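Reviewing the structure listed below.
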Protein chains: 2
Amino acid sequence: MAIDPDAEIDHGAPLTPYRQLAEILRARIRRGDWAPGRAIASETQLVQQYGLARSTVRRAIAVLVESGEVFTVPQRGTYVAEKPSSEAI
Amino acid sequence: MAIDPDAEIDHGAPLTPYRQLAEILRARIRRGDWAPGRAIASETQLVQQYGLARSTVRRAIAVLVESGEVFTVPQRGTYVAEKPSSEAI
DNA sequence: TCTGATTTGTCCGTATGTATG
DNA sequence: TCATACATACGGACAAATCAG
């Protein structure tokens, strides 16, 4: 059961908003919205797109950083990590 | 993994443009585009070649000045430093 | 001496994005 | 939600010095 990359945040769902967003972003990366090495949407854009607080968006990103799927560069943005065993650039 | 001397600036990359340019210039010097004691391209030329603001170009040059790879002469240009332990002039 | 082109030096303001409270 | 701070990037403007003619 894959998560819908185009899903929206459901504040009434059992899963907390930040976990929902983490799953959505994960699905969007898998779909190819942002290629490895490229920046995902900025925090400001995600705040506007999903109607969440900045702190919530940052928490969602932190989940993906924790799992090594993305990495944040200070004063630059959040980037999709390169796949471990995949085709070279 | 050597940096490509012919690379272009990628504004979407994690590395900031001025750092990218610093690496490119470093690679070009190593390649021999400009010999030790010779002036590298002027700030204006670099602005045109790489599509960056002059302040960004200057910041990139500052990186190389900081590391002693080049030195700037006011109203003259930026020159490639002589190699520390190399053949004399 | 003068003029114009070139080059670096310096400052301004605006915008974006993250970091923090 | 709001505010502030910091780093980065861009664009513009002007100054000062150099050099060629």
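These numbers come from a predicted model, not from an experiment. Below, chain A is the first sequence line, B the second, and so on; all start at residue 1.
Between Thr56(B) and dC10(D), a side-chain N or O to OP1/OP2 separation shorter than 4.0 Å is present. Look at Thr44(A) and you won't find any side-chain N or O under 4.0 angstrom from OP1 or OP2 of dG17(C). Between His11(B) and the phosphate of dT8(D), there is no side-chain N or O to OP1/OP2 separation shorter than 4.0 Å.
When rounded to the nearest whole Å, the span between CD of Gln48(A) and P of dT16(C) equals 11 Å. Rounded to whole angstrom, the span from the CD atom of Glu43(A) across to the C1' atom of dT1(D) amounts to 15 Å. Computed from coordinates, the Leu21(B) CG to dC10(D) C1' distance equals 15 Å when rounded to whole Å. A straight line from CZ of Arg58(B) to P of dT7(C) spans 14 Å, rounded to a whole angstrom. Atom OH of Tyr18(B) is separated from atom P of dA7(D) by 10 Å (rounded to the nearest Å). The CZ-P distance, from Phe71(B) to dG9(C), rounds to 13 Å in whole Å. Look at CG on Leu46(B): it is 16 Å from C1' on dC10(D), rounded to the nearest Å. At whole-Å resolution of the value, CD in Gln45(B) and P in dT6(C) are 10 Å apart.
At distances below 3.5 Å, at least one donor-acceptor pair connects side-chain atoms of Arg76(A) with backbone N or O atoms of Ala13(B). Judged by distance alone, with hydrogens and angles left aside, the side-chain atoms of Glu69(B) form no donor-acceptor pair with the main-chain N or O of Ala81(B) at under 3.5 Å. Between the side chain of Gln48(A) and the backbone N or O of Gln45(A) there is no donor-acceptor pair closer than 3.5 Å.
A continuous path of Ile, Leu, Val, Met, Phe, Trp and Tyr side chains, each step under 4.5 Å between heavy atoms, connects Trp34(A) with Val65(A), placing both in one hydrophobic cluster.
Across all their heavy atoms, Arg31(B) and Pro5(B) have their closest contact at NH2-CB, 3.2 Å.
Among the nucleotides dT8(C), dC10(D), dA19(C), the one closest to any side-chain atom of Thr78(B) is dT8(C). Here dG11(D) is the nucleotide among dG11(D), dG9(C), dT8(D) with the atom lying nearest to any side-chain atom of Ala53(B). Nearest nucleotide to the Arg59(B) side chain, out of dA19(C), dG17(C), dT8(D): dT8(D).
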Base-contact (B) and sugar-phosphate-only (S) positions in nucleotides 12-21 of chain D, heavy-atom cut-off under 4.0 Å, - elsewhere: -B--BBSS--
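Here Asp10(B) pairs with Arg38(A) in a salt bridge; the nearest charged N to carboxylate O distance falls below 4.0 Å.
Side-chain contact between Glu43(B) and Ile61(B) is present, with at least one heavy-atom pair separated by less than 4.5 Å.
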